[in-house]
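As structure tokens, the structure follows; a few thoughts come after it.
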There are 2 protein chains.
Amino acid sequence: MIDNEKLLNSGAVLKKYKRGEQLFEEGTIARYYYQVHAGEIKMNNYNEEGKEYIQGIFVKEKSFGEPPLFSDFKYPANAEAIIDSEVWQLSKEKFLKLLEENPKIHYKFTSTLASRLYYKAIMVSEISTQEPEHRILRILDYFKKNNDPQITSSKTYKVELTRQQLADLTGLRVETVIRSIKKLEQKGELLIKNRKVYR
Amino acid sequence: MIDNEKLLNSGAVLKKYKRGEQLFEEGTIARYYYQVHAGEIKMNNYNEEGKEYIQGIFVKEKSFGEPPLFSDFKYPANAEAIIDSEVWQLSKEKFLKLLEENPKIHYKFTSTLASRLYYKAIMVSEISTQEPEHRILRILDYFKKNNDPQITSSKTYKVELTRQQLADLTGLRVETVIRSIKKLEQKGELLIKNRKVYR
DNA sequence: ATGGATTTATGATCAAGATCATAAAGCTAG
DNA sequence: CTAGCTTTATGATCTTGATCATAAATCCAT
């Protein structure tokens, strides 16, 4: 989102997180802007029984957790490193100042929020009205488009998500995902080559 | 969001819609900025079997359907008048020009998108991991806070939503909502006075 | 006022996906 | 190399919310 030079000049620092480490917790106040430099960060919720829902997975260059900086509310979810990661951290004040001084960057964030809203609108509607197979295809297509935007729709994309992650992204259980994926393979909607899913 | 005077000066026109009439359809390109002047507009999706999911309900002063104006994608849902309504309509170009010339208004929209993202993050997590009663309370509390922000949390708020609307907002069926509401009343979480719900 | 539409209500039954149990295959840190 | 995680896999059973059927109460337009 923001390039490294600008981040450094604005006073951002690069923080390291070990796999499984938490960056911030649901319900706390947002003080920083975060942007992934290396690794993978997920935002998630746990219900009382420990069932997880993954709000999003963020990779290199992607920012996350900004919405509470723009409006007055607490984090709606946790942030946690999926693998060892490095993340830019910039204070709320400096971040907002940077936006004020750079209308184009500001607009870029507005546009990013809009895209994320689009993704959420689709997922919430999918989860509330669609069947497992339908939901899974949606997520796969979303990741395909997002992680490899220039891919031709005909070419196969290797899904770098575990069955469990697919479950936590779609609100299903891992067994249901495993069984649905098999059915989808039989229907020719995707490919499984030694346990990896291709779409 | 934007005051009437500014809307008029920017070239907005006031359009009337009858109850049930559609303003735009899922999958089409966004050409206008919309803001409710009077009445009530909902954005929704229908699945193949006709089951509805309500993305949001927008009342006086609220804007809706802006996200696709900021980023390059089609409408993720339909917009439909719940009751007879009047809606400001402003072309995309004029809207974006207005934002460019008024950084404060631009920031206000960024902030609005952030809030909406917060709501969606909560709902998608609720729907994917929580039980009917929990989901319903969330929606009720959201509407309470949103439609009557200065209300003290102790005072009761009259819910102006039908059981069917509650179902379509939470991804449940109307019978489940009716039964859950009754249980919630028994537990003292809400009140039912001649069929109206108070929270 | 009244007849049709909408909303709320309730009981019976069903089915999809969750849950539980178990295991094999694959990966990884020491 | 190997012990212990992690991930994938599969069958059996259960449970919750969906579905189906029916009806009463309320609203509303003419």
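A, B, ... follow the sequence lines: proteins, then strands. Residue 1 opens every chain.
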Measure all distances between protein nitrogen or oxygen atoms and nitrogen or oxygen atoms of nucleotides 24-30 of chain D, and list the pairs falling under 3.5 Å.
none

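The side chain of K182(B) lies closest to dA9(C), out of dT7(C), dG17(D), dA9(C).
Counted within 6.0 Å of NZ on K74(B), heavy atoms from surrounding residues, nucleotides or ligands total 12 or fewer; the atom is thus considered open. Under a cut-off of 6.0 angstrom, the local environment of CD in E5(B) is sparse, with at most 12 non-hydrogen atoms contributed by other residues, nucleotides or ligands. Other residues, nucleotides and ligands place no more than 12 heavy atoms under 6.0 Å from the NZ atom of K97(B).
Regarding E52(A), its CD atom lies at a distance of 11 Å from the P atom of dT7(D), rounded to whole Å. In this structure, L184(A) places its CG atom 16 Å from P of dT8(D), rounding to the nearest Å. As a whole-Å value, the separation of E49(A) CD from dT19(C) C1' is 12 Å. Distance, I82(A) CD1 to dT7(D) C1': 15 Å, rounded to whole Å. Atom pair K196(B):NZ and dT8(C):P shows a separation of 6 Å (rounding to whole Å applied). Distance, L161(B) CG to dT8(C) P: 10 Å, rounded to whole Å. The NE2-C1' distance, from H134(B) to dG17(D), rounds to 17 Å in whole Å. Remark: C1' of dA9(D) and CD of Q186(A) are 14 Å apart, rounded to the nearest angstrom.
The two residues L90(B) and L98(B) have their closest heavy-atom pair at CD2-CD1, 4.4 Å. P68(B) and G65(B) make their closest contact through CD-O, 3.5 Å (heavy atoms, listed as atom of the first residue, atom of the second, distance). When all heavy atoms of I2(B) and Q35(B) are compared, the pair lying nearest together is O-NE2, 2.8 Å. Residue L113(B) comes nearest to T110(A) through the heavy atom pair CD1-O, 3.6 Å, listed as atom of the first residue, atom of the second, then distance.
Using a 4.0 Å cut-off between charged side-chain N and carboxylate O, K183(B) and E189(B) make no salt bridge. Ion pairing between K187(A) and E133(A) holds under the 4.0 Å rule for side-chain N and carboxylate O.
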Step-by-step salt bridge (charged side-chain N to carboxylate O under 4.0 Å, His left out) determination, R138(B) to E126(B): CA-CA 8 Å; R138(B) 275 280 197 179; E126(B) 282 284 321; 2.7 Å; yes
F64(B) and F24(B): CA distance, side-chain angles, deciding distance, side-chain contact (heavy atoms from CB on, under 4.5 Å) verdict: CA-CA 11 Å; F64(B) 58 93; F24(B) 55 75; 3.9 Å; yes
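Taken residue by residue, residues 166-180 of chain B places heavy atoms nearer than 4.0 Å to DNA chain C at E175(B), I178(B), R179(B).
Helix bend of the helix from dA1(C)-dT30(D) to dG30(C)-dC1(D): the angle between its two end axes, each built from five pairs, comes to 60° after rounding to 10°.
Dashed line: the shortest gap from a side-chain N or O of R163(B) to OP1 or OP2 of dT8(C) is under 4.0 Å.
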